[in-house]
Novice: 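Below is one structure. I have some questions about it.
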2 protein chains.
Amino acid sequence: MKRATSKDVAKLAGVSQTTVSFVLNNTPGISLSDETRRKVLDAARELNYIPNSFAKGLKTSRSKLLGIFLPTMANPFYQKLMQYIENYTAELGYNVMLCCTYRNAEREKSYLDLCVEHQVDGIIYLFTPNWVKQITRISHNIPVILISEKSEDISINTISLNGFQCGKILTEHLLQLGHKNIAYVMSPVTSVSLTRQMRLQGIKAAVQNAGLGEDALEVITNPVVASDNLEANAGFAAMESILKKKRNTAVIGVNDLVSFGLLSKALNMDGIRIPEDISICGFDNTYLAHMAHPTLTTVEYCTEPLCRLAVDMLLNNNSIDVLKLSGEPKLIIGESTGPAPL
Amino acid sequence: MKRATSKDVAKLAGVSQTTVSFVLNNTPGISLSDETRRKVLDAARELNYIPNSFAKGLKTSRSKLLGIFLPTMANPFYQKLMQYIENYTAELGYNVMLCCTYRNAEREKSYLDLCVEHQVDGIIYLFTPNWVKQITRISHNIPVILISEKSEDISINTISLNGFQCGKILTEHLLQLGHKNIAYVMSPVTSVSLTRQMRLQGIKAAVQNAGLGEDALEVITNPVVASDNLEANAGFAAMESILKKKRNTAVIGVNDLVSFGLLSKALNMDGIRIPEDISICGFDNTYLAHMAHPTLTTVEYCTEPLCRLAVDMLLNNNSIDVLKLSGEPKLIIGESTGPAPL
DNA sequence: TTGTAGGCGTTATCAG
DNA sequence: CTGATAACGCCTACAA
C-alpha cells in the first residue's frame, strides 16, 4: 500500500492537481467553490493523504525543521529550554532536530552540515557556539539565534540571558540576609562559558555596591574533573572544604547541579543545618532546585517566553532589537537561604 | 550567495552531473579515473557543496532522520536513552527528531503524522505507545521499534526492558540483607505503564520465592498529583507516612526520581540514618542515583547497547528475534541499602 | 569511463 | 474559478 500523492487525490476528487494544492494549502487570494473544497478534503481524508515533504521542500525550500544546539542533555537547564522550545514548535507544526554537541567543535560542525543539508528553517543555539566562523557564515543563509550571553565576538542575533543581573540579584538577596563571607563555586568546563563569567561579574558588582571588601567573596574553582552530569560532585567536594574552613556563611553554586551537590554534602554532615548554619543558592531554576529538600534558592530568567520568542523570531525572520530582549531575571527564594548566623 | 548544486560542481570540475553523483556517493560497480575523482572532490570542496536532501530524498525516499518518541524529558531516564541514541545516530550521519508526547494521544498522533510527512527512516518508541492502531499501521511502511516492556497487544518489534527481572533482582538484594517488610512506592501516571506493572510482578515473585507472606510487601500508590518532574515529591510524601508507621525496613521507589524523594525526606528527618535505619532503592540507574548522597542502589538495564541495537535494527531493517534482545538487568549497589535493622 | 535524458511529488505561473 | 505545464536538484537507466 503505497502512500497517496496529490495526483491520486486529484483523480479521486475529479479535479486537477493544482486545485488540490490550493485547497490543502489554503492558498490565499484564491477563491474556489465550497463544493470543490469539500470534494478535495474528502478525497484527501479517504486516501489518508500526507504531502511528501521532500517534494514540497524542493519547491519551497522550507523544511518545517528547526535545529536546536545544546552542549549536553545532562544539565536539566538545557532540558528545560528544549522542552519549552519543542512544546511551542509542535504547536506550530514544526519539528525539532536535536543537535547535542558535547562541547565538541567537530561534532558541532558536523551537525551544522546536517542542518544545512536538511535545510532547517532555523537554528537555535542554547549556548555560546564553539565554531563561530562556520555559524556566522551559515547565518547568512539560515536564520540563527542564540539564547545565551551576548558576546562582542559574535554578530548573531542573541537573546541575552543576562547572567550579570542574575548574579547581582542573587547576591543582593544574600547581602540583605546579612551574609558577609560568600563563596562562589564554579565547576570546570571544557569550553568557554560566558554565562558563568557574567554571573561572577554580577556577584562582584553586588558585593562592591554593598561597600564590602574583596575578601567578602571567595571564588572556588573546583578542579574535580567531572563529566557533565556529575557537576554535582564538584559541589559536593567544594562544600567539604568550605565547611572545614568555617568561614563562609553563604555559598553560591554556578548552577543548580552544583548547588545541589553543595546541599547534599551539608545534609550529610551531622549538625549542619540549612539555612541556619549556612545558606546555599544557585542559578537556573531547574527542577533540581524544587526537588531538593530544603528547596534551593535559585534564579529564573523568564526562559519560557524567551524560548517562544526565539522560535517566533526564527520563523518570522524578525530582527527585533536585541536589547529589548534580555529577560528580567527573577529571584526564586527557596528554603536554603536564611539570615547569616551571628 | 546561493548554495551550490551538483550541477555547479559538475561545471567547475568539467564533467557531467552523473559523474559528480558517482564520485560523491561512491557508487559501487563504477570505476572512474583517479584524476576525475579528484577533480570532482576538489570542486565540491571549493564550492562547499552540500547535497540538497529534498532532491535526494525525493529520489531515494530516505531522509537520514529518525523519530524518537518519549513521554517526557523531565525524567532523566529518557534523557539518558535519548543521549545514547543521539550519540550513535550522529556517528552514523543520521539525525534525530524529538517527539515528546507528554503522554498525550493527540500529540502522539500529530507527531506520527510529522514523521510520515518527513519520511523518517525509522521510529523508536521509548515507552508504550498510546496510539497503538496508528503506530501499527505506520509500522508497515516505516520500521518501528519499541524499547520498553514487551506487550501482547502490540505486534511491533520490541526490545524488552525486562522490568520483571529488574524488580526481582532488586528485591532479592533486599531480602538477602534480611529485609522482611518492604514498601514499593508508585507514583501516579496518566497512562498505561507496563514497566511499572512488571517491576511490581518481579518484586512480588521475589518475595514469594523467599517464602514470605503477602504482608511482607506493601504497595503504596501515592495519590499526589504531580507533574512529571515532581515525581520526587510523591516519594517525599510517601516517605513521611512510611517513617511514621515504623514498619518497613526497606523502600523501593518506582524509579530513581521517586527514590530520590524518599531519600530526601529521610535525610531531612533528624535521627534517621540511611541505610542503618531504613534502606532505599529504585530503578533506572540515572544520574540522580549517583548524585545523591548516600548514592542510591538502583538497577541498570544494559541501556546503551540496547539503544545502539535499536538504531541498528531500524537502519538495517533487521527483524532479529526479540527474545534474544531483552537485556540482562544489572544491580547497581549504592550506599542507600544495608542490612535490615534488628 | 563518461554523458544524456527522464522522472520523483510538489508548487507556481499562466492561460482558459 | 480551474487546468496544463514548467521548474526544484538529484539519481539512474541507458546510450555513447
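Every chain is numbered from 1, with letters handed out A, B, ... down the list of sequences.
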Novice: Taking CD from B/E35 and C1' from C/dT2, how many angstroms apart are they, rounded to a whole number?
Specialist: 14 Å

Novice: Would you mind reading off the distance between A/N25 atom CG and C/dT10 atom P, rounded to a whole angstrom?
Specialist: 10 Å

Novice: Less than 4.0 angstrom between a side-chain N/O of A/S16 and OP1 or OP2 of D/dA4, yes or no?
Specialist: no

Novice: Nearest whole angstrom, please: distance from the C1' of D/dT12 to the CD of B/Q17.
Specialist: 12 Å

Novice: Distance check: side-chain N/O of B/T5 vs OP1/OP2 of D/dG9, anything under 4.0 Å?
Specialist: no

Novice: What about A/T18: does its side chain form a donor-acceptor pair under 3.5 Å with the base of D/dA4?
Specialist: yes

Novice: Report the residue (B/A55 or B/R37) whose heavy-atom-nearest nucleotide on DNA chain C is the more 5′ of the two.
Specialist: B/R37

Novice: Between B/K7 (NZ) and D/dC11 (P), how many Å, whole number?
Specialist: 14 Å

Novice: Quick one: is D/dC10 close enough that its OP1 or OP2 comes under 4.0 Å of any side-chain N or O from B/Y49?
Specialist: yes

Novice: Using a 4.0 Å heavy-atom cut-off, does A/T36 contact any base of the nucleic acid, only the sugar-phosphate backbone, or nothing at all?
Specialist: sugar-phosphate

Novice: Looking at D/dC11, D/dG3, C/dT10, which one has an atom nearest to any side-chain atom of B/S21?
Specialist: D/dC11

Novice: For A/K64 and C/dT10, give me the distance from atom NZ to atom C1', rounded to whole Å.
Specialist: 15 Å

Novice: Is it true that B/K109 and B/D113 have a side-chain N and a carboxylate O under 4.0 angstrom from each other?
Specialist: yes

Novice: Should A/K59 be listed as having a side-chain N or O under 4.0 Å from OP1 or OP2 of D/dA7?
Specialist: no

Novice: Whole Å only: how far is the NZ atom of A/K56 from the C1' atom of D/dG9?
Specialist: 19 Å

Novice: Closest nucleotide of DNA chain C for B/T19 versus for A/V20: which of these residues is on the 5' side?
Specialist: B/T19

Novice: A/F54 has an atom CZ; how far is it from atom P of C/dT10, in whole Å?
Specialist: 12 Å

Novice: Regarding A/Y78 and A/Q83, is there a side-chain donor-to-acceptor distance under 3.5 Å anywhere?
Specialist: no

Novice: Under 4.0 Å from OP1 or OP2 of C/dC8: is there any side-chain N or O of A/N52 that close?
Specialist: no

Novice: Can you measure A/R62 atom CZ to D/dC8 atom P for me and round it to whole angstrom units?
Specialist: 19 Å

Novice: Would B/E106 and B/Y111 count as having a side-chain donor-acceptor pair, cut-off 3.5 Å?
Specialist: no

Novice: On DNA chain D, nearest-nucleotide positions of B/T60 versus A/L58: which is more 5'?
Specialist: A/L58

Novice: For B/R308, is there an ion pair with B/D312 - N to carboxylate O distance below 4.0 angstrom?
Specialist: no

Novice: Between B/S53 and A/E117, is there a side-chain donor-acceptor contact under 3.5 Å, judged purely by atom types and distance?
Specialist: no

